[in-house]
Protein chains: 2
Amino acid sequence: MGATMQDVALAAGVSIKTVSNVINDYPYVRPATRERVLAAIDQLAYRPNLSARGLRSGKTGIIGLAVPELRENYFAELADAVIRAAEKSGLGVVVEQTNGDRESELRVLSRARTHYMDGILLSPVGMGQADASLLDVPFPLVLLGERIFGGPVDHVTMHNVSSAGAAVEHLLSIGRRRIALVGAEGDDVSDASSWSLRVRGYRRALEQAGIPVDEHLVRRTEHWSRAGGAAALHELIDEGHDFDAVFALNDALALGVLRGLQEAGRRVPDDVAVVGFDNVDEGQFAVPSLTTVDPGREEIARTAVALLVERINEKGTKAPARTMKAEFSIVSRESTGGADAPRVAQ
Amino acid sequence: MGATMQDVALAAGVSIKTVSNVINDYPYVRPATRERVLAAIDQLAYRPNLSARGLRSGKTGIIGLAVPELRENYFAELADAVIRAAEKSGLGVVVEQTNGDRESELRVLSRARTHYMDGILLSPVGMGQADASLLDVPFPLVLLGERIFGGPVDHVTMHNVSSAGAAVEHLLSIGRRRIALVGAEGDDVSDASSWSLRVRGYRRALEQAGIPVDEHLVRRTEHWSRAGGAAALHELIDEGHDFDAVFALNDALALGVLRGLQEAGRRVPDDVAVVGFDNVDEGQFAVPSLTTVDPGREEIARTAVALLVERINEKGTKAPARTMKAEFSIVSRESTGGADAPRVAQ
DNA sequence: ACGTTGTACTACAACGTTGTAGAACCGCCC
DNA sequence: GGGCGGTTCTACAACGTTGTAGTACAACGT
């Protein structure tokens, strides 16, 4: 089938190792020899066998990306960014889905699979702070998200507290004072969850503006979904609370809130302004288009891949675990009266 | 680092090959011996090295999935389905993005990557019928979609013509008679594109109902996007055409049409009914929820993986190329007055 | 007693690559 | 002209697994 180094060596009239040296940019090869080898490679359409290389050098050029579900926009876009970043480093990405299930997440960490991946990027949702010690695995691992802090591994996350604060400040800046919050959290409330961190930013921003937090306006739902957002909004209205803005802790919730507002006959942003979190593509196309926190997904992906690559190439001495945070920004669109109309071109 | 077969063999007091035999379910191993080996495997947490296995047996247990873009919902959901199907066969999936670019698609077919993948699922968008001969590659390949027919490889597609016909019949059944069509196609119009096939179904259904096709109502846009759908709809209205339904050739266009209708002050489905194509998750959550053609994505994914696995395990004799089509169905929701309200639970 | 068949296991080579060690040659300096 | 450092190349072994070929023994029929 495919040509091997042996074939190339024969065709170029050199030893097999010289072919290897050319491929790996070993400096002590005469230009003339290099040319001959490259010509032979070209002519035979030779491609290195990654299994053999992996066996010999212990590296396969493949990393794993474990996310809850690809059909959730946020993770599809994260995967997109990771794949692009990895490609630049010449790495392939095997995508695994955990369904946000703790068991599946742990399985990723002890997988047979492991042996053919140089390292893993894990975005845990089911695991919690208590599982931190389980992250001490014998292969390169980088964590994404905010479920677990201070673990024994590198970790890329976002400025949850300050970006949530900035979102609230944005609402304050357009004159809103009664700002409801809609977020989600499962049963195991933790200090380090998206919910807790972003709520902290919300409270801090209100405090700094001298506005007391009305606990009736703080709504926790079960799921990070549109349905959850719509339901929470209907509750707020049914209970007769007064509010002129909603900060939803992710875009799915925010889109649900938009729908709920429409069903309830409230105008956006005139009656109620809405801010989401994640900057999912979809928000650009919503009616009205959605103001949101861009948590720096591109940067998160690039950083995570860079950290993983570093760990993979690390010799002996293990550097201590690092935590990186991406820069965030507020994307102002129609749902807060912002300039950005829905995108016209895709 | 990891234990090897050698270690297991030593621990169990057998030869290394016996360990291999146990792992590969070779029948002639005494139960007692098998037990001992399994115990040793368990105790040493042994995991086979896939690189070595790949080198020796020529198989890696990894397949490639090449799609245009993961951030397009349709492909994210397709990838989700493919990954789940592959997992059941014990295969990992490396996801590559082609950006719908012909060059990138061709690169996938001649990739260095190739060597560590047992086979590839390719969903071409940039390549066309003229490139059919380039699909004759020396590794297992299964095609997804409808860009290329009659190529030298297995092909999984959908009932484009009849399902589009069924969508139109659905609109006819609720009393609509002036049914606009919105679809997209790039510059290279082909007989086998989604556009051509689905338009054929549209025409056929109208003909069979004895309704002449009003060519003014057939709209072709550049991109399969929300923006394209909204723009096409505004054109229809601005030009003063009369219509009581829109069949959009994918859900993104349909969602854009919904938005356009709302902007234009037309009620859905009262004034205009809308049907999409793809059954993307998002359609369930739209306001109103979107009636659509479910092209059988799950089945497509399962079938494609099954075909690829067959090809991978094929010895010598190459079976002729096969084409499979998945079962479709019409999902009736609010945009045609259907029963299905937006989903409440995610 | 003999070969035959089936069972249970093992030794060895091979997959294609890269790290190690070293050979061969060059020019240079004292 | 002998030693030295730099350059260019090669032979060989090894990575961990599995296919091939083979050994050894038991059970069987004749």
Side-chain angles (χ1 to χ4, degrees), chain A residues 1-38 40-41 44-62 90 112-118 139 313 315-316, chain B residues 1-38 40-41 44-62 112-118 313 315-316:
Chain A
M1 191 155 304
T4 78
M5 272 194 178
Q6 188 60 258
D7 303 327
V8 175
L10 217 65
V14 296
S15 84
I16 184 176
K17 187 65 220 275
T18 298
V19 178
S20 171
N21 286 339
V22 167
I23 287 176
N24 295 288
D25 285 322
Y26 180 71
Y28 295 139
V29 179
R30 259 187 311 171
T33 313
R34 169 165 279 124
E35 285 312 316
R36 245 178 326 131
V37 171
L38 288 175
I41 286 177
L44 296 174
Y46 166 77
R47 304 282 165 218
N49 179 319
L50 288 243
S51 283
R53 179 178 289 177
L55 174 57
R56 180 61 241 226
S57 65
K59 289 182 199 163
T60 57
I62 304 184
R113 287 282 156 76
T114 286
H115 252 312
Y116 69 86
M117 303 193 296
D118 292 343
F139 52 84
N313 295 327
K315 315 260 178 193
Chain B
M1 191 153 304
T4 78
M5 272 195 179
Q6 188 60 257
D7 303 327
V8 175
L10 218 65
V14 296
S15 84
I16 184 176
K17 187 64 219 279
T18 297
V19 178
S20 173
N21 287 340
V22 167
I23 287 176
N24 295 290
D25 286 321
Y26 180 70
Y28 296 140
V29 178
R30 258 187 312 173
T33 313
R34 171 165 279 125
E35 285 311 316
R36 247 179 323 134
V37 170
L38 288 175
I41 286 177
L44 296 173
Y46 166 78
R47 303 280 165 220
N49 180 322
L50 289 243
S51 284
R53 178 177 292 176
L55 174 57
R56 181 61 241 233
S57 65
K59 289 185 198 161
T60 58
I62 305 184
R113 287 284 155 75
T114 286
H115 252 313
Y116 69 86
M117 303 193 296
D118 292 342
N313 295 328
K315 316 260 176 192

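Naming: A, B, ... by sequence-line order, numbering from 1 per chain.
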Item checked: DNA chain C: 5'-proximal contact among Pro27(B) and Asn24(A) (nearest heavy atom) ->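 The answer here is Pro27(B).
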[N] OP1/OP2 closer than 4.0 Å to side-chain N/O of [X]:
| X | N | result |
| --- | --- | --- |
| Ser51(A) | dC15(C) | no |
| Ser20(B) | dT18(D) | yes |
| Tyr28(B) | dT5(C) | no |
| Thr4(A) | dC15(C) | no |
| Thr18(A) | dC9(D) | no |
| Arg30(A) | dC9(D) | yes |

Check: What heavy-atom pair brings Leu55(A) and Ala52(B) nearest, and what distance separates the two atoms?
Finding: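 It is CD1-CB, 3.7 Å.
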Item checked: Closest approach of Ser51(A) to Thr60(B) (non-hydrogen atoms, all atoms of both residues) ->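 In terms of heavy atoms, the two residues are closest at OG-CG2, 3.5 Å.
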Nearest 0.5 Å, what's the [atom1]-[atom2] distance between [X] and [Y]?
| X | Y | atom1 | atom2 | value |
| --- | --- | --- | --- | --- |
| Thr18(A) | Arg30(A) | OG1 | CZ | 10.5 Å |
| Gln6(A) | Tyr46(A) | CD | OH | 11.0 Å |
| Arg34(B) | Ile41(B) | CZ | CD1 | 10.0 Å |
| Asn49(B) | Arg56(B) | CG | CZ | 14.5 Å |

Output the rounded distance in Å from [atom1] ([X]) to [atom2] ([N]).
| X | N | atom1 | atom2 | value |
| --- | --- | --- | --- | --- |
| Ile16(B) | dT10(C) | CD1 | C1' | 11 Å |
| Asp7(B) | dG16(D) | CG | C1' | 11 Å |
| Asn21(A) | dT17(C) | CG | P | 13 Å |
| Lys59(A) | dC15(D) | NZ | P | 18 Å |
| Tyr26(A) | dC9(D) | OH | C1' | 9 Å |
| Glu35(A) | dC9(D) | CD | P | 12 Å |
| Met5(B) | dA14(C) | CE | P | 20 Å |
| Arg47(B) | dC15(D) | CZ | P | 22 Å |

Checklist line | dT30(D) - base-pair partner by Watson-Crick or wobble geometry, distances under 3.5 Å | finding: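 dT30(D) is paired with dA1(C).
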Check: Closest to the Asn49(B) side chain: dT17(C), dA11(D), dT17(D)?
Finding: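 So the side chain of Asn49(B) is nearest to dT17(D).
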Checklist line | Nearest-nucleotide 5' precedence on DNA chain D, Lys17(B) against Arg36(A) | finding: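 Upstream on the strand: Arg36(A).
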Check: How would you label the contact of Tyr46(B) with the nucleic acid (heavy atoms, under 4.0 Å): base, sugar-phosphate, or nothing?
Finding: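 Since only primed, P, OP1 and OP2 atoms lie under 4.0 Å of Tyr46(B), the category is sugar-phosphate.
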Next item on the list: Classify the side chain of Arg53(A) versus the base of dT17(C) as yes if they form a donor-acceptor pair under 3.5 Å and no if they do not.
Entry: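 Side chain to base: no pair present.
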Item checked: Polar side-chain contact Arg56(B)-dT17(D) base: donor and acceptor under 3.5 Å ->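 Answer no: no donor N or O sits under 3.5 Å from an acceptor.
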